[in-house]
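One structure below.
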Amino acid sequence: VIAKKSLEEALKQRLEKLKRIGFENNRLSYRAWEHLQRNLPLSNRYTYDTTATGVHAYIVDTGVLLTHNEFSGRMGNGFDAVTSGGNANDCHGHGTHVAGLIALAAPEARIMPLRVLDAAGQGNAWVLAEAMLHAADPDANPHTNDGAQVINMSLGSLARTRLFDA
């Protein structure tokens, strides 16, 4: 009984501390994140053992801003599954943001934009499936080795689709 009470008391104290720093309803607030980050023993340096030379990183999102100077010389051919004849240029901003993060982590990777979301950040599963097929075989020739090495999809949905259950 004593052990149970002390465990309950410890849990209550921990919960109160988490609430003080901003963790409520299973969500970490910015204040809590800032508190946790401040207490980490970080060196403020990011190191990596590869530059991702020769890697094609497909960004399945709202497209990528094709003229962004961060991607100069490393932008691959885009594929626009939303607008027929489009060029996968970002009309929202999220895809460019994601591509920037990938470019930081893989500084020599080729950025390959696949636009599956419109200017409002909305799309559908069929367009996504078309883009995934393109990433797997961009030249539609199964005898060439030109498919994606990396595919990033920062997508969400409120509804489940059976399209990808197979």
Side-chain angles (χ1 to χ4, degrees), residues 22-37 40 42 44 46-166:
F23 188 85
E24 295 184 40
N25 299 326
N26 293 325
R27 295 187 62 190
L28 191 61
S29 71
Y30 178 77
R31 191 171 135 218
W33 178 254
E34 189 177 55
H35 171 79
L36 293 170
Q37 291 296 305
L40 290 175
L42 300 176
N44 294 321
Y46 173 74
T47 59
Y48 42 87
D49 58 0
T50 183
T51 59
T53 301
V55 172
H56 290 159
Y58 282 80
I59 316 302
V60 180
D61 211 293
T62 58
V64 175
L65 182 59
L66 303 176
T67 58
H68 197 294
N69 62 0
E70 181 65 35
F71 313 121
S72 178
R74 47 192 272 200
M75 181 72 70
N77 293 330
F79 178 75
D80 193 327
V82 176
T83 304
S84 180
N87 62 3
N89 198 42
D90 197 346
C91 56
H92 181 276
H94 188 265
T96 302
H97 169 79
V98 170
L101 294 173
I102 290 171
L104 285 172
E108 293 185 28
R110 191 144 186 86
I111 303 298
M112 309 293 285
L114 292 177
R115 183 170 174 247
V116 298
L117 302 175
D118 63 18
Q122 298 179 344
N124 67 64
W126 293 105
V127 168
L128 178 58
E130 182 183 1
M132 296 305 295
L133 287 172
H134 177 81
D137 190 9
D139 69 356
N141 180 349
H143 302 293
T144 58
N145 186 18
D146 60 347
Q149 289 102 346
V150 174
I151 298 176
N152 177 277
M153 296 190 301
S154 300
L155 311 171
S157 176
L158 298 175
R160 178 171 170 72
T161 179
R162 291 184 300 172
L163 180 63
F164 299 111
D165 286 348

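Other residues, nucleotides and ligands place no more than 12 heavy atoms under 6.0 Å from the CG atom of N145.
Scanning for side chain to side chain donor-acceptor pair (under 3.5 Å) contacts around S72 gives an empty result, with sequence neighbours left out. With sequence neighbours excluded, the residues forming a side chain to side chain donor-acceptor pair (under 3.5 Å) with S154 are N152, listed by chain and number. Applying the side chain to side chain donor-acceptor pair (under 3.5 Å) criterion to T67, with sequence neighbours excluded, gives no partner residue.
Side-chain N or O atoms of T96 include one that pairs as donor or acceptor with a backbone N or O of L65 at under 3.5 Å. Listed for the R110 side chain is no donor-acceptor partner under 3.5 Å among the backbone atoms of N77.
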Table please: side-chain donor-acceptor pairs of residues 56-64 below 3.5 Å, with sequence neighbours left out.
residue	atom	partner	partner atom	Å
D61	OD1	H94	ND1	3.0
D61	OD1	G95	N	3.4
D61	OD2	H94	ND1	2.9
T62	OG1	D90	OD1	2.9
T62	OG1	D90	OD2	3.3
T62	OG1	G95	N	2.8

Give every donor-acceptor pair under 3.5 Å between a side-chain atom in residues 114-121 and any protein atom, sequence neighbours left out.
residue	atom	partner	partner atom	Å
R115	NE	L117	O	3.3
R115	NH1	D80	OD1	3.3
R115	NH1	D80	OD2	3.0
R115	NH1	T83	OG1	3.0
D118	OD1	A120	N	2.9
D118	OD1	G121	N	3.1
D118	OD1	Q122	N	2.9

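Between F71 and G100, the shortest heavy-atom contact is CZ-N, 3.6 Å. A pairwise comparison of heavy atoms in A106 and A52 identifies CB-CB, 3.5 Å as the closest pair. A pairwise comparison of heavy atoms in R74 and P107 identifies NH1-O, 2.5 Å as the closest pair. Taking all atoms of both residues into account, the shortest heavy-atom contact from A131 to A81 is CB-CB, 4.4 Å. The two residues T144 and N141 make their nearest non-hydrogen contact at OG1-O, 3.0 Å.
Among pairs with a residue in residues 133-154, none fulfils salt bridge (Lys or Arg N to Asp or Glu O under 4.0 Å), at least two apart in sequence or across chains.
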